[in-house]
Amino acid sequence: MNNKQEEIDQFLSSASTSPSPSPSSSSSPSNNDSTSLKSMISGIENSNVHSNGNDNSNNNEKQKDIVSLENKSSNNTTTTTTTTTTTSNQNNKNNNNNNNHNNNKNNNNNNNNNNNNNNNNNNNNNEPFTNGYTNGVNEKLNDQPSPSSHKDFSDEYSPSKVRILVADDDDVQRKILNNLLKKFQYNVTLVPNGEIAWEYINKGQQKYDLVLTDVMMPHITGFDLLQRINDHPVHKHIPVILMSGTAVDYKYANDTIKIGGQDFLTKPIAKELLKKKIDTVLQSIWQRRKEEEYKATLAQEREKGNKLAKEMELKEHEIEELTKKVSKMSSISKEAMESPLVSVTRNIEELLKQSTWSSHESEIKEKLNSILKELGSSNIYRPSFEKLIKNDSVDPVTKSFLVSEFSSTTSRRNSIPTFPQTTYNRDTKEVIKGWEFDVFKYSEDDLMPLLVDMFENFQLPEIFKIPIEKLQRFIMTVNALYRKNNRYHNFTHAFDVTQTVYTFLTSFNAAQYLTHLDIFALLISCMCHDLNHPGFNNTFQVNAQTELSLEYNDISVLENHHAMLTFKILRNSECNILEGLNEDQYKELRRSVVQLILATDMQNHFEHTNKFQHHLNNLPFDRNKKEDRQMILNFLIKCGDISNIARPWHLNFEWSLRVSDEFFQQSHYETICGYPVTPFMDKTKTTRARIAADFIDFVASPLFQSMAKFLKESQFLLKVISKNRENWQAYMELQKEGKCNDDDLQFMEDPTIFVKSKLPKIDEEENRDKVSSSSSSSTAPLTSTSSSNNETSSP
């Protein structure tokens with residue numbers, strides 16, 4: 001018996017190179033290739049079963065038959081059943097005379113079977129198992145959803161884009177199928193059994209468009225593999241074609257359809273038939289997928305159409321509303337542009353048209369009163385712009401234009417200011433969170449929009465339902481009530497304090513200890529803490545017994561005045577940014593704002609400072625306690641109020657000049673009026689540098705020591721304060737040397753380099769001891785600047 005591998009190689013060589021049989025080799029054309037295939041299979045199987053001759057001879061003859069069959073299939077030719085039968089009979093005669101009778105009997109049976117098959121297939125497109133089977137396949141394909149596992153087909157179906165997995169335990173058949181499929185440019189993967197096939201499908205990285213599997217395989221049969229594929233949620237859409245060389249009756253074909261297979265083929269498989277079956281299955285799925293894509297696209301277009309229709313409906317509604325508004329404005333404008341004389345004439349004409357005056361007595365009286373009022377106008381020819389000005393639908397710019405250009409009243413009380421429309425980019429909005437923000441680079445009109453940004457950064461307008469136009473009017477009113485001729489206590493100072501506290505809340509993370517209502521109260525208090533400041537302090541008010549000192553009984557005179565004006569502004573309906581608060585929120589905010597503004601009274605400075613230090617050293621702050629949060633709020637506004645000493649040197653220098661100018665102005669008036677002159681404001685006894693240095697030593701430095709312990713992000717401020725203190729010491733030394741004129745103090749970037757003598761060392765501990773001894777509390781000031789704020793974190 002020849003080696004099996006030699007048989008395979010010989011067969012493949014013959015299948016690839018054998019010439020096509022001549023037309024004379026067949027007695028008559030067959031109606032169906034697969035009919036001849038089936039007859040040949042029966043003849044070969046019967047020869048193997050009944051032959052008692054030499055095995056080697058039988059195998060050689062069988063190989064010749066398969067080669068002949070392959071050559072016929074590859075050249076698209078057909079042979080008749082008679083030719084096949086004759087070939088089979090001749091082979092059997094050469095093998096063994098004893099088998100002639102059996103072989104002839106089998107061949108006759110084959111002829112009968114072939115004739116029956118031909119008759120059955122004449123009306124069914126010349127394909128095997130088409131009686132009731134092909135229709136079932138087509139129905140299955142129509143119900144088949146798009147396979148989730150295979151790749152997208154292009155607009156045109158192409159075999160080169162198809163990946164096929166072939167599972168067959170017969171080495172010969174695998175190579176035959178591989179050879180046939182690759183001739184048609186399919187991408188083929190071969191596996192020898194069902195187990196490996198399932199591993200490739202389920203766990204392999206390759207996605208397959210079709211599985212071609214033999215039915216009779218050990219362990220996992222073709223039907224088992226088909227069932228596994230159908231039961232899997234991901235792979236169930238992969239089409240499967242079953243094939244067999246032994247199971248060739250209708251039962252297997254029907255079973256294939258019942259369990260979800262797409263087709264059934266018998267071996268040996270003709271080349272063109274194989275391609276036709278594969279293309280039919282895949283093209284049907286491809287067509288199905290194209291239909292689904294088209295339906296999805298159609299659904300998307302419908303959705304877009306519906307969306308567009310809704311947008312058009314919305315636009316139509318907007319146009320309708322705009323038309324109504326224009327009509328209303330036209331009516332208001334027409335009425336507003338009427339002069340009193342025209343209005344009187346119109347009303348009289350309407351009265352004359354009344355037929356029954358008695359029934360319209362009240363209406364007539366109303367019109368007559370209107371006529372009298374119009375006749376009493378100072379100018380009966382002038383339009384009444386007040387109706388336009390009072391109408392909310394007219395924008396502020398138009399109102400301002402009408403008032404400024406056409407109104408006879410020019411007083412500030414009747415003018416309508418417009419909020420500055422300066423627009424800032426994101427960088428500017430981030431700059432206001434920084435410690436080095438230079439307020440002197442901006443005008444007041446530039447600063448006001450930045451206050452709105454601070455409110456919006458904490459979502460306060462959304463949370464507390466603050467109309468933006470009312471917030472803008474509130475800011476403009478606050479700005480108007482600060483006195484422009486004050487060198488220090490003006491709107492620029494108010495903004496500077498607000499921006500400083502805003503930095504504490506954002507960059508230094510102080511907001512973590514507070515609620516939104518706390519932050520709302522804090523920002524209002526910072527803006528209004530020096531509202532309408534006269535430029536003279538509480539001592540001057542009490543000594544002069546001003547109206548304010550009498551009104552507030554000499555107690556925190558200016559601070560009470562600032563708080564009163566704050567809520568007087570907020571009570572105005574056009575500036576009431578508290579209208580969205582409920583009763584409890586309003587009471588809580590008012591209590592907090594009053595305490596915050598009163599906390600800026602320097603007479604109570606050390607009391608507030610020592611209370612905060614004591615709490616910071618002994619107890620963690622509890623965010624759930626109003627008292628703790630209020631203590632933090634008071635501390636933040638106090639630090640913000642005197643923060644200029646911790647600013648970069650050029651800012652500290654400018655603010656120090658401004659505050660000393662106010663001090664010297666007050667001492668001048670005190671001298672003229674005969675009031676006691678405050679020593680640290682007396683120009684004959686002190687200098688600007690001495691005022692700044694003493695303020696750092698006794699007031700600011702201890703406060704910012706506590707700040708550094710409370711908010712670790714602020715610890716760098718201690719170095720800034722120390723450098724500023726050193727610079728002011730240098731100015732004092734230069735004044736002693738006669739190199740500096742206090743009346744015309746000029747800014748120097750680093751005054752220490754001009755001092756010949758060595759500057760005395762600033763002893764911070766000594767300064768803190770001075771503060772401790774001068775305060776009423778026995779609690780020692782903080783001595784550590786490196787502690788973190790972990791103990792004050794929010795619970």
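All values below come from the heavy atoms of this structure, side chains included, with hydrogens, waters and symmetry mates left out.
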Problem set entry | Side-chain donor/acceptor of Q595 to backbone N/O of S592, under 3.5 Å | no
For this session: In plain terms, say whether E574 and R473 are close enough for a salt bridge, that is, a side-chain N and a carboxylate O under 4.0 Å apart.
Result: yes
Exercise. Parallel under 30°, tilted from 30 to 60°, perpendicular over 60°: which one fits the rings of F612 and F635?
Worked result: parallel
Seminar exercise, completed: Rounding to 0.5 Å, atoms CG (N572) and CD1 (I577) come to a distance of 12.0 Å
For this session: Would you mind checking if D622 and R629 are paired as a salt bridge, meaning a charged N to carboxylate O distance below 4.0 Å?
Result: no
Problem set entry | For the student: nearest non-hydrogen atoms of S556 and N538, plus distance | CA-ND2, 4.1 Å
Exercise. Is there a side-chain hydrogen bond (donor to acceptor under 3.5 Å, both in side chains) between D742 and Y731 once you walk through the steps?
Worked result: CA-CA 9 Å; D742 196 63; Y731 269 103; over 6 Å; no
Exercise. Is the backbone N or O of R647 less than 3.5 Å from a side-chain atom of N724, with the two atoms forming a donor-acceptor pair by type?
Worked result: yes
Exercise. Should the ring pair W649 and W728 be called parallel, tilted or perpendicular, given that the plane angle runs from 0 to 90° and is split at 30 and 60?
Worked result: perpendicular
Problem set entry | Centroid-centroid under 6.0 Å between Y669 and F540 rings | no
Exercise. For the ring pair F455 and F464, is the centre-to-centre distance below 6.0 Å?
Worked result: no
Exercise. Can E733 and K739 be counted as an ion pair, charged N to O under 4.0 angstrom?
Worked result: no
Exercise. Do the side chains of Q715 and K712 get nearer than 4.5 Å, heavy atoms only?
Worked result: yes
For this session: Kindly say whether I432 contributes a backbone atom to a donor-acceptor pair with the side chain of Q499 at under 3.5 angstrom?
Result: yes
For this session: Answer yes when K587 and E583 have at least one side-chain N-carboxylate O distance shorter than 4.0 Å, and no when they do not.
Result: yes
Exercise. Any ion pair linking D661 and R688 (charged N to carboxylate O, less than 4.0 Å)?
Worked result: yes
For this session: State whether E588 and K626 are salt-bridged, where the test is any N-O pair (Lys NZ or Arg NE/NH1/NH2 against Asp/Glu carboxylate O) under 4.0 Å.
Result: yes
For this session: Hey, can you tell me if W435 and F504 have their rings parallel, tilted or perpendicular (30° and 60° cut-offs)?
Result: parallel
For this session: Determine yes or no for a side-chain-to-main-chain donor-acceptor pair under 3.5 angstrom, with N618 supplying the side chain and H614 the backbone.
Result: yes
Problem set entry | Expected output: side-chain D628 to main-chain F621 donor-acceptor under 3.5 Å | no
Exercise. Would you say the side chain of N644 lies within less than 4.5 Å of the side chain of L651, judging by non-hydrogen atoms?
Worked result: no
Exercise. How are the rings of H493 and W655 set to each other: parallel, tilted or perpendicular (split at 30° and 60°)?
Worked result: perpendicular
Exercise. In this structure, are over 12 heavy atoms from other groups packed under 6.0 Å from E436 atom CD?
Worked result: no
Exercise. Does the S507 side chain pair with the main chain of K433, one donor and one acceptor, at a distance under 3.5 Å?
Worked result: yes
Problem set entry | Test item: N553 side-chain N/O and I555 main-chain N/O as donor-acceptor pair under 3.5 Å | no
For this session: Taking the side chain as every heavy atom from C-beta outward, state whether M707 and L616 have any pair of such atoms under 4.5 Å apart.
Result: no
Exercise. For A700 and I645, which heavy atoms make the closest approach, and how far apart are they?
Worked result: CB-CD1, 3.2 Å
Exercise. Relative to the ring of F437, is the ring of F495 parallel (under 30°), tilted (30 to 60°) or perpendicular (over 60°)?
Worked result: tilted
